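Excluded from the calculations below are hydrogen atoms, water molecules and symmetry mates; all remaining heavy atoms, backbone and side chain alike, are included. Starting from 1, each residue takes its place in the sequence as its number. When a ligand or atom number is given, it counts from 1 through the structure's own listing order. Predicted, not measured: the structure shown is a model, and the values here were computed from it.
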Amino acid sequence: MSQVQSVYFNHDAGVDDLVSLFMLLQMENVKLTGVSVIPADGYLEPGAAASRKIIDRFGNYAPEVARSNSRGKNPFPAAWRMHTFYVDALPILNESGTMEAPLAELPAHRHMIQQLLQTEGKTTLLFTGPLTDLARALDEAPEIEDKIEKLVWMGGGFAHGNVDEPEHDGSAEWNVFWDPEAAHRVWQSNIVIDLVALESTIKVPLDLHIRKRWSTDRRYEGVDFLGNCYACCPPLVHMENNSTYYFWDVLTTLSIGRPDIVQKKVVNCVVIPDGPSQGRTVEQADGRPVNFVYDTNPTAFFDYMIELAKKSA
Ligand code: AGV
Ligand code: CA
């Protein structure tokens with residue numbers, strides 16, 4: 001049994017962000033010191049509510065949930081953001097009719113500063129949305145850098161992007177594009193960064209095979225929950241950017257509990273902060289180093305996801 005790591009989780013209320021929270025609560029080698037929600041690829045109030053309900057239903061301890069007051073530069077499509085409402089409305093999260101997990105009073109970035117400073121030892125930061133709250137925290141309290149074990153982030157892409165918007169060339173990944181300056185700011189820090197980029201997830205798409213596995217095991221409440229969450233994401237196959245889902249955030253999250261499911265190598269890179277390629281991550285010899293996930297073991301990944309979901313039963 002590996003040692004228990006302190007993890008602070010900042011997410012942006014998408015389906016795979018909320019599933020990631022469910023997964024973290026099942027990991028015996030992780031202790032969540034806080035959760036915060038930023039309204040990027042989702043909405044704030046249902047994002048905080050769904051987080052608290054997931055903690056109530058599936059957690060055996062109750063980290064505080066903080067709400068971000070950060071705003072991005074390039075908004076996500078509203079159709080994607082609606083997913084937060086669907087998850088928050090699932091019957092399994094509303095059976096008790098109450099919300100017990102504590103809501104923090106501080107805004108997300110200050111809550112993260114407080115939790116980092118008051119937690120013994122170093123904390124791993126897990127971000128599955130834009131880096132705005134981390135950039136603001138570093139500006140307000142640069143001393144937190146010493147309390148951060150590393151940042152594990154879903155963001156970027158060196159081979160291609162997934163943004164399909166006017167006035168942009170398509171080369172950026174959405175979590176960078178929402179606030180390119182924030183990513184650029186974090187790149188100037190000395191924090192160790194584990195980067196799960198778009199190409200890191202190509203071996204773990206949301207396909208009919210995994211949906212079938214969830215259906216087969218739906219007698220387990222946690223596995224049924226996975227299937228219901230991802231039912232928000234329609235399995236269309238001819239509109240890559242709009243409908244082909246990968247386990248972007250879940251792979252990022254599971255790489256904390258089980259580092260052996262991913263392979264990493266050092267890549268030097270920069271973030272383009274503005275212009276038509278804003279949010280693009282580019283490999284560059286004199287750029288800052290990140291530990292880029294270049295390969296995964298899909299069988300181990302899918303088995304671990306289902307194993308964690310079954311534990312919650
Ligand atoms: O770019 C991937 C990020 C991940 O953090 N998000 C979804 C994951 O939570 C944005 C995104 C890209 N394509 C999407 C996204 C889509 N088709 N629907 C919803 N969100
Ligand atoms: Ca996300």
Counting each atom of ligand 1 from 1 as listed, which ones have a heavy atom of Asn175 under 4.0 Å away? 3 (C), 4 (C), 5 (O)
I'd like to check which ligand 1 atoms, numbered from 1 as shown, lie under 4.0 Å from a non-hydrogen atom of Asp17. 9 (O)
Distance-only side-chain donor-acceptor flag, Asn291 / Lys265, under 3.5 Å: no
Under 4.0 Å, heavy atoms only, figure out whether ligand 1 is touched by the backbone of Thr128, its side chain, both or neither. backbone
Quick one: list whatever passes ring-ring contact (aromatic ring centres under 6.0 Å, His included) with Phe177, sequence neighbours left out. His168, Trp174
Mind checking whether Trp174 has an N or O less than 3.5 Å away from an N or O of ligand 1? no
Would Phe76 count as a contact residue for ligand 1, given that I'm defining contact as a non-hydrogen atom of the residue lying under 4.0 Å from a ligand atom? yes
Would you say ligand 1 has an N or O under 3.5 Å from any N or O of Asp16? yes
Any N/O pair His83/ligand 1 closer than 3.5 Å: no
Side chains of Asn74 and Gln278: is there a donor and an acceptor less than 3.5 Å apart? yes
Atoms of ligand 1 under 4.0 Å from any heavy atom of Asp249, numbered from 1 in the order shown, are 4 (C), 5 (O), 8 (C), 9 (O)
Under 3.0 Å from the Ca ion (ligand 2), which protein atoms of type N, O or S occur, listed by chain and number? Asp12 OD1, Asp17 OD1, Asp17 OD2, Thr128 O, Asp249 OD2
Could you work out, with ring-ring contact (aromatic ring centres under 6.0 Å, His included) as the rule, every residue matching Phe225, not counting sequence neighbours? Phe22, Phe58
Quick one: sort the Phe302 and Phe247 rings into parallel, tilted or perpendicular, breaks at 30° and 60°. perpendicular
Subset of ligand 1 atoms that lie under 4.0 Å from at least one heavy atom of Glu173: 1 (O), 2 (C), 3 (C)
Less than 3.5 Å apart, any donor N or O on the side chain of Thr253 or Ser20 sitting next to an acceptor on the other? yes
Pro289: partners by side-chain contact (heavy atoms from CB on, under 4.5 Å), with sequence neighbours left out: Val266, Asn268
May I ask you to check if ligand 1 and Asp12 share an N or O to N or O distance below 3.5 Å? no
Is there side-chain contact between Leu32 and Leu21, with at least one heavy-atom pair below 4.5 Å? yes
Please examine the side chains of Cys233 and Leu206, heavy atoms only from C-beta on, and report whether any two atoms are closer than 4.5 Å. yes
At a non-hydrogen distance cut-off of under 4.0 Å, which region of Val15 contacts ligand 1 (side chain, backbone, both, or neither)? neither
Quick one: do the Ser36 and Arg67 side chains pair a donor with an acceptor below 3.5 Å? no
Proximal atoms of ligand 1 relative to Asp41 (non-hydrogen, under 4.0 Å): 6 (N), 7 (C), 10 (C), 11 (C), 15 (C), 19 (C), 20 (N)
May I ask you to decide if Ala159's main-chain N or O and Glu199's side chain share a donor-acceptor pair within less than 3.5 Å? yes
First locate atom OH of Tyr8, then atom CD1 of Ile113, and finally report the distance between them rounded to the nearest 0.5 Å. 10.0 Å
